[in-house]
Amino acid sequence: MKVVAVNGSPRKNGNTYSALNYLEKIFNKNGIEFEIIHVGNSLIHGCTGCLTCRKTKDETCVFKEDLVNDAIQVMKEADGLILGSPVYFSDIPGTMKSFLDRAFYVSTANDNFFRHKVGASIAAVRRSGGIPTYDNLNKYLLYSEMLVVGANYWNVIHGRLPGEVLLDEEGLQMLDTLGNNMVWTLKMVKESKISKPKHVKKHYFSFIRD
Ligand SMILES: Cc1cc2nc3c(=O)[nH]c(=O)nc-3n(C[C@H](O)[C@H](O)[C@H](O)COP(=O)(O)O)c2cc1C
């Protein structure tokens with residue numbers, strides 16, 4: 001089994017990375033592979049709403065120059081996904097948001113291939129804005145019908161300078177809980193003999209009546 005984490009921080013080895021790296025040890029101890037895709041330190045085009053991905057249905061975004069299409073395939077092969085992000089102005093930083101909009105829209109346009117993966121979000125923050133960021137990260141997972149795993153608190157970890165989150169003892173316990181809950185959920189999904197619900201074509205209703 002494999003878990004893929006997306007690091008939305010422009011600081012490759014910052015607090016988001018420290019939190020993901022902490023989780024990596026739990027997965028490795030349980031025989032689960034782990035890979036981090038560094039997104040925040042890259043140049044990533046925003047979604048332009050061209051809807052080409054819905055027409056071609058070839059699992060790609062029309063913008064081919066950045067890492068998004070490669071990352072989509074790595075995420076597609078994973079059993080679990082973690083979205084890790086720093087907090088910028090109480091929300092997801094722009095580069096990470098561009099990545100998530102495109103990757104998750106491509107998945108949705110292709111019968112939602114992220115569906116039923118095990119997922120979790122983590123926000124790294126100095127002081128405040130962690131909860132809206134965490135909520136907004138979870139929206140991508142929940143929209144994709146993923147099995148979103150929780151911990152003993154909402155997954156917000158505190159620190160300013162790189163590595164400071166490792167001093168957040170309550171945050172580390174939360175990561176332990178999250179990692180162990182994810183391992184358990186991944187194993188349950190793998191061993192389950194219960195068939196998954198069928199995919200239904202999404203119904204769009206625009207609220208406009210004439
Ligand atoms: C542009 C910018 C905006 C930020 N906005 C917030 C904020 O709204 N609330 C907060 O508590 N910290 C804020 N921070 C601090 C970061 O969230 C904090 O340093 C976090 O640990 C960074 O994670 P990273 O090391 O993974 O990049 C901001 C930092 C930057 C550079």
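Note that this is a predicted model, so its numbers are computed, not measured. Reckoned from all heavy atoms, side chains included, excluding hydrogens, waters and symmetry mates. Start at 1 and go down the list; that is how both ligands and their atoms are numbered.
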Checklist entry - Cut-off 3.5 Å, side chains only: do Tyr143 and Asn112 have a donor facing an acceptor? => result no

[X] side, atom [atom1]; [Y] side, atom [atom2] - distance, nearest 0.5 Å:
X	Y	atom1	atom2	value
Arg102	Cys47	CZ	SG	8.0 Å
His158	Glu170	NE2	CD	8.5 Å
Lys187	Ile32	NZ	CD1	6.0 Å

N/O separation below 3.5 Å, [X] to ligand 1:
X	value
Ser9	yes
Gly159	yes
Phe89	yes
Val87	yes

Just to confirm my output: which protein heavy-atom neighbour is closest to [atom], and how far is it?
atom	result
atom 11 (O) of ligand 1	Arg127 N, 2.6 Å
atom 9 (N) of ligand 1	Ser128 O, 2.7 Å
atom 22 (C) of ligand 1	Arg11 NH2, 3.5 Å
atom 23 (O) of ligand 1	Pro86 CB, 3.3 Å
atom 30 (C) of ligand 1	Tyr88 CE1, 3.5 Å

Next on the checklist: If you count heavy atoms of other groups shown closer than 6.0 angstrom to CG of Leu43, is the number above 12?
Outcome noted: no

Checklist entry - Are Asp101 and Lys97 within salt-bridge range, i.e. N to O under 4.0 Å? => result yes

Checklist entry - Are Lys2 and Glu77 within salt-bridge range, i.e. N to O under 4.0 Å? => result no

Next on the checklist: Using 30° and 60° as the class boundaries, would you call the ring planes of His45 and Phe63 parallel, tilted or perpendicular?
Outcome noted: parallel

Using a 4.0 Å cut-off to any heavy atom of [X], which atoms of ligand 1 qualify?
X	result
Gly14	25 (O), 26 (O)
Ser90	7 (C), 8 (O)
Arg160	19 (O), 21 (O)

Checklist entry - Out of curiosity, is Ala124 lining ligand 1, as in a heavy atom under 4.0 Å away? => result yes

Checklist outcome for this item: When Leu20, Thr16, Leu83 are each screened for side-chain contact (heavy atoms from CB on, under 4.5 Å) with Ile122, the one that passes is Leu20

